[in-house]
Amino acid sequence: MFVQVIEGRTSDPDGLRRQFENWVAELEPGARGYLGTTAGVASDGRVLALARFESEEAARANSERPEQGAWWAETEKLFEGPAQFTESSDVETFLGGGSDDAGFVQVMKLSGVDRERVKQMDKQFEPHASKVRPDLIGGLRVWTGPDRSIDVNYFTSEEEARAGERREPPPELAAGFAEFESMMSQAEFIDLSDPYLYSA
């Protein structure tokens with residue numbers, strides 16, 4: 001999988017959503033290798049969008065389409081200042097990956113993390129996820145450097161996600177949860193309460 005990440009700010013979330021819906025209706029049919037998009041605008045106007053493709057070649061081919069260029073020329077007018085682009089083919093999924101059924105998406109931008117330790121903690125948590133955090137229905141981790149990642153977590157709803165955050169973990173997982181929270185203490189959170197979710 002190859003992921004393109006777009007970040008920025010907007011004061012027109014409705015207009016931005018229309019642009020994404022227009023892309024799905026008009027441009028997706030010609031986007032070979034396109035897998036899906038997760039996007040949204042946080043309450044403070046921050047924008048985050050992740051477009052997933054089967055390969056880097058497919059993503060490049062899409063970017064080179066004239067209609068894609070025309071679409072982006074209109075879309076970037078909705079951003080306040082320049083948009084930031086990040087790309088990666090170093091992508092991991094957990095709990096089956098993302099889900100278009102999510103009612104809430106939380107993004108965590110991480111730096112300075114121990115990748116191997118994160119992998120170990122994921123492995124320990126996944127068998128218990130359905131009982132401990134039934135609100136968490138999937139996720140993606142996009143590595144953007146040796147110790148940097150963008151984690152995208154998909155939840156049934158924001159209300160259930162907040163309740164899950166407050167719930168005490170079972171004793172056998174308490175130490176792992178504490179370590180994970182410590183590791184996440186420097187994370188930048190972007191909460192998408194009204195996510196745009198599209199799959200090919």
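Only this structure's heavy atoms are used, side chains among them; waters, hydrogens and symmetry mates stay out.
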*Asks:* I'd like to know whether Ser89 forms a side chain to side chain donor-acceptor pair (under 3.5 Å) with Glu56, so could you lay out the CA-CA distance, the side-chain angles of the two residues, the decisive distance to 0.1 Å, and finally the verdict.
*Replies:* CA-CA 7 Å; Ser89 58; Glu56 182 175 356; 5.5 Å; no

*Asks:* About how many Å separate CG of Leu136 and CD of Glu165, when rounded to the nearest 0.5 Å?
*Replies:* 11.0 Å

*Asks:* Got a donor-acceptor contact below 3.5 angstrom from the Ser88 side chain to the Asp90 backbone?
*Replies:* yes

*Asks:* Is there a donor-acceptor pair under 3.5 Å between the side chain of Ser99 and the backbone N or O of Gly138?
*Replies:* no

*Asks:* Would you compute the distance between atom CH2 of Trp143 and atom CZ of Arg148 and round it to the nearest 0.5 angstrom?
*Replies:* 10.5 Å

*Asks:* Using salt bridge (Lys or Arg N to Asp or Glu O under 4.0 Å), reason through Glu7 and Lys109 one step at a time and then give a plain yes or no.
*Replies:* CA-CA 11 Å; Glu7 298 176 74; Lys109 297 183 67 179; 2.7 Å; yes

*Asks:* Of all the heavy-atom pairs spanning Ile190 and Ala42, show the shortest one and how long it is.
*Replies:* CG2-CB, 4.0 Å

*Asks:* Using 30° and 60° as the class boundaries, would you call the ring planes of Phe85 and Trp72 parallel, tilted or perpendicular?
*Replies:* perpendicular

*Asks:* With salt bridge (Lys or Arg N to Asp or Glu O under 4.0 Å) as the criterion, how do Lys123 and Glu126 come out once you've worked through the C-alpha distance, each side chain's angles and the decisive distance to 0.1 Å?
*Replies:* CA-CA 6 Å; Lys123 188 175 181 179; Glu126 283 204 54; over 6 Å; no

*Asks:* Angle class for the Trp23/Trp71 ring planes (parallel below 30°, perpendicular above 60°, tilted otherwise)?
*Replies:* perpendicular

*Asks:* Look up atom CZ in Arg18 and atom OG1 in Thr75, then write down how far apart they are to the nearest 0.5 Å.
*Replies:* 11.5 Å

*Asks:* Are Val24 and Ile6 co-members of a hydrophobic cluster defined by side-chain heavy atoms under 4.5 Å apart?
*Replies:* yes

*Asks:* Does one hydrophobic cluster hold both Val47 and Val105, with members joined at side-chain heavy-atom distances below 4.5 Å?
*Replies:* no

*Asks:* Would you say Leu27 and Leu35 are hydrophobically clustered, going by side-chain heavy atoms of ILVMFWY under 4.5 Å?
*Replies:* no

